[in-house]
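Residue numbers run from 1 in the order of the sequence given.
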Amino acid sequence: MNTLFLSLIISTTLLSHSLSKELCNPQDKQVLLQIKKDFGDPYLLASWKSDTDCCTDWYQVECDSTTNRIISLTVFAGNLSGQIPAAVGDLPYLQNLVFRKLTDITGPVQPAIAKLVHLTSLRLDWLNLTGTVPDFLGQLKNLTYLDLSFNGFSGSIPSSLALLPNLGALHLDRNKLTGSIPESFGTFKGSVPDLYLSHNQLTGEIPASLGNMDFSVIDLSRNKLVGDASMLFGLNKTTNNVYLSRNLFEFNLSNVIFPSTMENLDINHNKIFGSIPPQMTQLPLQSLNVSYNRLCGQIPVGGKLQSFDYSSYFHNRCLCGAPLGNCK
């Protein structure tokens with residue numbers, strides 16, 4: 001009986017010891033505690049306690065189920081101020097890094113991020129980051145998603161971003177970027193990413209090389225771009241969404257042949273001339289805006305073209321026909 005009781009005590013002790021064994025890698029834990037300290041021990045990171053397991057008890061943190069190394073750090077929607085700590089570069093197995101919608105995160109993109117060679121997703125958006133979009137981001141070859149939108153970045157777009165072979169989406173919209181669209185964006189080395197460059201101060205013409213790319217989504221709206229944008233279209237492409245509004249584009253719409261997949265087209269507030277091609281009646285359009293241009297002629301009848309109201313077409317030189325007034 002005593003032997004059985006002793007065995008029970010031993011097994012219970014071993015079980016409680018195994019249950020209390022921490023999964024979190026001690027080096028990763030120290031790095032996270034340093035990040036918390038650098039941010040001034042904010043309430044947003046209150047769950048990061050030295051006496052609890054970062055893999056099971058900490059919010060914003062995800063560990064690999066096999067190795068228990070930190071693979072995801074997602075800090076968003078709260079009060080956090082200061083610069084992104086350099087310690088983020090000391091999480092060597094990080095695949096997903098997110099700082100977004102935080103009240104007062106300032107400074108540049110932390111150079112230590114260049115060490116995170118396993119990163120597949122980097123989101124530093126809706127912050128107050130400044131400086132330039134760093135060239136070193138082109139070294140993070142595993143990136144599939146890069147979002148630096150809604151910040152205060154200035155300077156030009158680094159051409160090295162076209163070297164990212166797995167990039168599926170690039171968000172640089174809503175910053176203060178200047179200069180031209182890099183020529184290299186017509187030579188993305190792998191998949192062609194959805195490209196969001198709107199609400200900046202980009203100038204010059206679209207590089208002709210972009211005509212070689214089959215973008216699913218391209219948003220260049222609200223810049224100061226000039227010249228011809230017709231190379232973005234073509235019957236051989238699978239483009240769904242093109243947004244070019246509020247630029248200074250000037251080309252003949254009559255000559256454009258659209259991808260049969262085109263769903264959303266917005267070219268308002270430009271200097272685009274010619275007429276609306278009859279081929280547009282064949283497109284599966286969900287939204288269309290050609291207003292505030294220099295278009296003429298009758299709006300072709302058919303397809304989705306009459307399902308949009310007059311505001312999609314008004315303020316053109318001499319465009320007519322439903323939903324506008326009758327042609328004379």
Side-chain angles (χ1 to χ4, degrees), residues 156-165 167-173 177-297 300 316:
S156 57
I157 299 171
S159 59
S160 61
L161 297 180
L163 299 173
L164 295 169
L167 198 60
L170 174 60
H171 290 262
L172 299 177
D173 45 307
L177 299 172
T178 55
S180 55
I181 297 171
E183 188 76 37
S184 64
F185 279 21
T187 57
F188 278 99
K189 297 304 179 194
S191 56
V192 180
D194 294 344
L195 187 61
Y196 299 88
L197 303 179
S198 72
H199 294 78
N200 280 291
Q201 297 161 27
L202 301 174
T203 54
E205 298 191 3
I206 299 176
S209 60
L210 263 66
N212 302 325
M213 299 287 98
D214 186 7
F215 294 100
S216 177
V217 179
I218 182 164
D219 187 354
L220 307 179
S221 56
R222 291 181 183 265
N223 280 287
K224 300 172 183 175
L225 298 164
V226 301
D228 191 356
S230 63
M231 83 289 284
L232 300 176
F233 306 103
L235 197 58
N236 59 334
K237 297 188 178 184
T238 57
T239 305
N240 300 116
N241 307 287
V242 177
Y243 306 103
L244 304 176
S245 67
R246 293 182 184 272
N247 279 285
L248 300 165
F249 290 124
E250 197 167 354
F251 59 91
N252 189 343
L253 192 66
S254 316
N255 299 332
V256 173
I257 300 175
F258 290 93
S260 61
T261 51
M262 183 65 64
E263 294 178 353
N264 299 289
L265 175 66
D266 189 351
I267 58 174
N268 80 77
H269 284 85
N270 281 286
K271 300 178 180 179
I272 299 166
F273 57 93
S275 58
I276 295 177
Q279 187 229 351
M280 289 186 75
T281 62
Q282 307 299 316
L283 304 180
L285 291 169
Q286 295 175 11
S287 69
L288 174 69
N289 194 338
V290 300
S291 66
Y292 289 90
N293 278 290
R294 299 174 179 179
L295 299 172
C296 271
N316 273 287

- Task: May I ask you to decide if the ring planes of Tyr292 and His269 are parallel, tilted or perpendicular, using 30° and 60° as cut-offs?
- Result: parallel

- Any side-chain donor paired with an acceptor under 3.5 Å for Ser275 and Ser254? yes

- Give, for atom CG of Asn247 and atom OG of Ser221, the distance between the pair rounded to the nearest 0.5 Å. 7.5 Å

- Message: Checking the side chain of Asn200 only, and the main-chain atoms of Leu172 only, is there a donor and an acceptor separated by less than 3.5 Å?
- Response: yes

- Query: When you look at Leu225 and Phe249, which way does the side-chain contact (heavy atoms from CB on, under 4.5 Å) test go after all the steps?
  - Reply: CA-CA 6 Å; Leu225 298 164; Phe249 290 124; 3.5 Å; yes

- Leu253 side chain reached by Phe258 side chain, heavy atoms, under 4.5 Å: yes

- Message: Quick one, Ile157 and Leu197 - any side-chain contact, counting heavy atoms below 4.5 Å?
- Response: yes

- Task: Indicate the atoms forming the closest heavy-atom contact of Pro284 with Ser260, along with that distance.
- Result: CD-O, 3.2 Å

- Between Leu244 and Leu232, is any pair of side-chain heavy atoms under 4.5 Å apart? yes

- Rounded to the nearest 0.5 Å, how far does CG of Asn255 lie from CG of Asp228? 9.5 Å

- How about Asn240 and Asn264: do any of their side-chain heavy atoms sit closer than 4.5 Å? no

- Task: Can you measure from CG (Asn241) to CG (Asp219) and round to the nearest 0.5 angstrom?
- Result: 9.5 Å

- Item | side-chain contact (heavy atoms from CB on, under 4.5 Å) between Thr203 and Thr178, worked out | CA-CA 7 Å; Thr203 54; Thr178 55; over 6 Å; no

- Task: Starting at OG of Ser245, measure out to CG of Leu265 and round the result to the nearest 0.5 Å.
- Result: 10.0 Å

- Query: Can you tell if the side chain of Met213 reaches within under 4.5 Å of the side chain of Phe185, non-hydrogen atoms only?
  - Reply: no

- Item | Heavy-atom closest contact (Arg294 atom, Glu250 atom, distance) | NH1-OE2, 4.3 Å

- Message: Can a side-chain donor-acceptor contact be found between Asn268 and Ser291 if the only test is distance below 3.5 angstrom?
- Response: no

- Determine whether Phe273 and Cys296 make a side-chain contact, defined as any pair of heavy atoms from C-beta on separated by less than 4.5 Å. no

- Item | Separation between CD1 of Ile267 and CG of Leu220, rounded to the nearest 0.5 Å | 13.0 Å

- Has the side chain of Asp214 got a donor or acceptor atom that lies under 3.5 Å from a matching backbone atom of Lys237? no

- Exam field: side chain Ser230 to backbone Val256, donor-acceptor pair closer than 3.5 Å: no

- Message: Return the NE2 to CZ distance between His199 and Arg222, rounded to the nearest 0.5 Å.
- Response: 4.5 Å

- Student check: side-chain heavy atoms of Asn270 and Phe251 closer than 4.5 Å: no

- Task: Kindly indicate whether the side chain of Met262, heavy atoms from C-beta on, has any atom under 4.5 Å from the side chain of Met280.
- Result: no

- Counting only heavy atoms not in Ile257, do more than 12 sit closer than 6.0 Å to its CD1 atom? no

- Note on the structure: Between Pro182 and Pro207 the two heavy atoms that sit nearest each other are O-CG, 3.8 Å

- Message: Can you give me the closest heavy-atom contact between Glu183 and Ser209, atom names plus distance?
- Response: O-OG, 3.0 Å

Would you be so kind as to tabulate the donor-acceptor pairs closer than 3.5 Å made by side chains of residues 187-196, with sequence neighbours excluded?
| residue | atom | partner | partner atom | Å |
| --- | --- | --- | --- | --- |
| Thr187 | OG1 | Ser184 | O | 2.8 |
| Ser191 | OG | Leu167 | O | 2.8 |

